[in-house]
Amino acid sequence: MAALGVTMAVTCGVPAVAGADTGRDTVAGARPGGRPDSRPDSRPDSRPDSRPGAGAGTVTGAGASMRRTAADARAHVLRPGDRGEAVRALQRRLHAGRYYFGRINGVYDEQTKFAVWALQKNRRMMPKGAVGPEVWRAFERQHRRRPLVPHGAADRVEINLRDQLLTVYRDRKPALISHISSGAEVRYCEGGRCGNAITPVGDFRVSRRAPGWTTGRLGSMFNSLYFVGGIAMHGSTQVPLRPASHGCVRVPLATSKRLYELVRLGEPVHVRGKTV
């Protein structure tokens, strides 16, 4: 499937190898050794927690106890760094909404903040870390966002560059909704090579998967899913609110683990630009 009039001369990290076997996962490096796909002064500062139980926690939101905890949480504004049962209730709600795939641990950490941003952007709110009454009301309201490709495949990935949002569909229903940071849309020069930091718009398919950390000339990437040349969806330690990558689609590390589990080779990937 082809891009819509965009010529790409940039890769985000590990370049695709012409003629390589794309029928199985490939590993280009076990640990991040260079700069991540981000601003020059950033470095990967952690690896995702791979201990048992480090994935998404058990959702018990249907019970009365969760409803009581959520009601208590509405009484004050939650902010990054907060801890306690109110944060745990927030994480459960975010997980049930397919926004959060980290641990249900009652700690409002960075991965929780990224999930809050995803919810806020999906509901057309201003993304910010504070969680007040507006966010809790959003959990109570049913919401069905219009897909970018209404008649697309039942299982597909949609990437909205205008809203900086990625959605994975399973059986035509959202199974994962993530905040992203895409290409910065600037010219760059790194290590004697120059290119344009652009995420291509068009209709593609996942052509290669690279599990774990891989490192290339532009930095380190986690759980990469390539969909056009060297451009991939991948986990990153740096996923700001602005487009900031060399062209890849960065997602939060915790989310990238679930994204990699869901998306297979050959899956359609639809990328739409600032007018969707």
Side-chain angles (χ1 to χ4, degrees), residues 1-29 32-40 148-149 152-153 156-162 164-168 178 180-236 238-239 243-251 256 259-260 262-274 276:
M1 305 179 82
L4 302 180
V6 177
T7 301
M8 291 301 301
V10 59
T11 60
C12 291
V14 182
V17 179
D21 179 8
T22 57
R24 63 175 182 269
D25 293 343
T26 57
V27 180
R35 293 190 306 276
D37 179 23
S38 61
R39 295 300 185 188
L148 296 180
V149 184
R156 66 186 187 276
V157 179
E158 293 186 352
I159 298 171
N160 186 328
L161 299 183
R162 182 190 67 186
Q164 294 288 283
L165 205 61
L166 178 151
T167 305
V168 176
S178 178
I180 66 169
S181 178
S182 61
E185 299 187 357
V186 297
R187 182 133 179 103
Y188 70 89
C189 291
E190 298 276 352
R193 297 184 182 181
C194 298
N196 296 312
I198 297 173
T199 301
V201 172
D203 301 309
F204 313 98
R205 289 187 182 273
V206 174
S207 57
R208 187 162 64 99
R209 289 160 43 93
W213 286 105
T214 54
T215 300
R217 63 183 179 85
L218 295 180
S220 298
M221 305 149 69
F222 184 74
N223 281 356
S224 302
L225 295 161
Y226 292 86
F227 59 91
V228 53
I231 303 296
M233 303 170 275
H234 68 82
S236 175
Q238 303 291 329
V239 194
S245 80
H246 290 92
C248 279
V249 177
R250 301 184 201 165
V251 301
S256 73
L259 179 66
Y260 198 84
L262 287 171
V263 178
R264 312 309 301 173
L265 282 172
E267 183 154 331
V269 179
H270 305 284
V271 185
R272 297 295 182 264
K274 293 184 178 179
V276 297

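Please read all numbers here as calculations on a predicted model, not as lab measurements.
- Ring planes of Phe204 and Phe227: tilted class, angle from 30 to 60°.
- One finds the CZ atom of Arg272 at 8.0 Å from the CD atom of Glu158 (value rounded to the nearest 0.5 Å).
- Taking Ser182 as the reference, Gln164 meet the side chain to side chain donor-acceptor pair (under 3.5 Å) condition, with sequence neighbours excluded.
- Summarising the geometry, atom NE2 belonging to His246 is positioned 11.0 Å from atom CE belonging to Met221; distances are rounded to the nearest 0.5 Å.
- Between Ala153 and Pro268, the shortest heavy-atom contact is CB-CG, 4.1 Å.
- Using a 4.5 Å heavy-atom cutoff, the side chains of Val149 and His270 are in contact.
- Residues Ala244 and Ser181 come closest through the heavy atom pair N-OG, 3.0 Å.
- The shortest non-hydrogen separation linking Ser256 to Val251 is CB-CG2, 3.6 Å.
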Would His234 and Arg250 count as a side-chain contact (heavy atoms from CB on, under 4.5 Å) if you check the C-alpha gap in whole Å, the side-chain angles of each, and the deciding distance to 0.1 Å? CA-CA 5 Å; His234 68 82; Arg250 301 184 201 165; 3.9 Å; yes

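- With a 4.5 Å cut-off on side-chain heavy atoms, Arg209 and Leu265 count as touching.
- How far CG of Leu225 is from OG of Ser207: 9.5 Å, rounded to the nearest 0.5 Å.
- Applying the side chain to side chain contact (heavy atoms under 4.5 Å, CB included) test between Met233 and each of Asn223, Val269, Val168, Ile180 identifies Val269 as the sole match.
- Taking all atoms of both residues into account, the shortest heavy-atom contact from Asn160 to Gly273 is OD1-O, 4.5 Å.
- Minimum heavy-atom separation, Thr199 to Gly247: OG1-O, 2.7 Å.
- Summarising the geometry of Glu185 relative to Ile198, their closest heavy-atom pair is CA-CG1, 4.5 Å, with the distance given to 0.1 Å.
- By the side chain to side chain contact (heavy atoms under 4.5 Å, CB included) test, Arg187 is found to be paired with Cys194, Asn196, residues two or more places apart in sequence or in another chain being considered.
- In this structure, CG in Leu218 is found 10.0 Å from OG in Ser245, a value given to the nearest 0.5 Å.
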Apply side-chain contact (heavy atoms from CB on, under 4.5 Å) to Val271 and Val249, showing your working. CA-CA 10 Å; Val271 185; Val249 177; over 6 Å; no

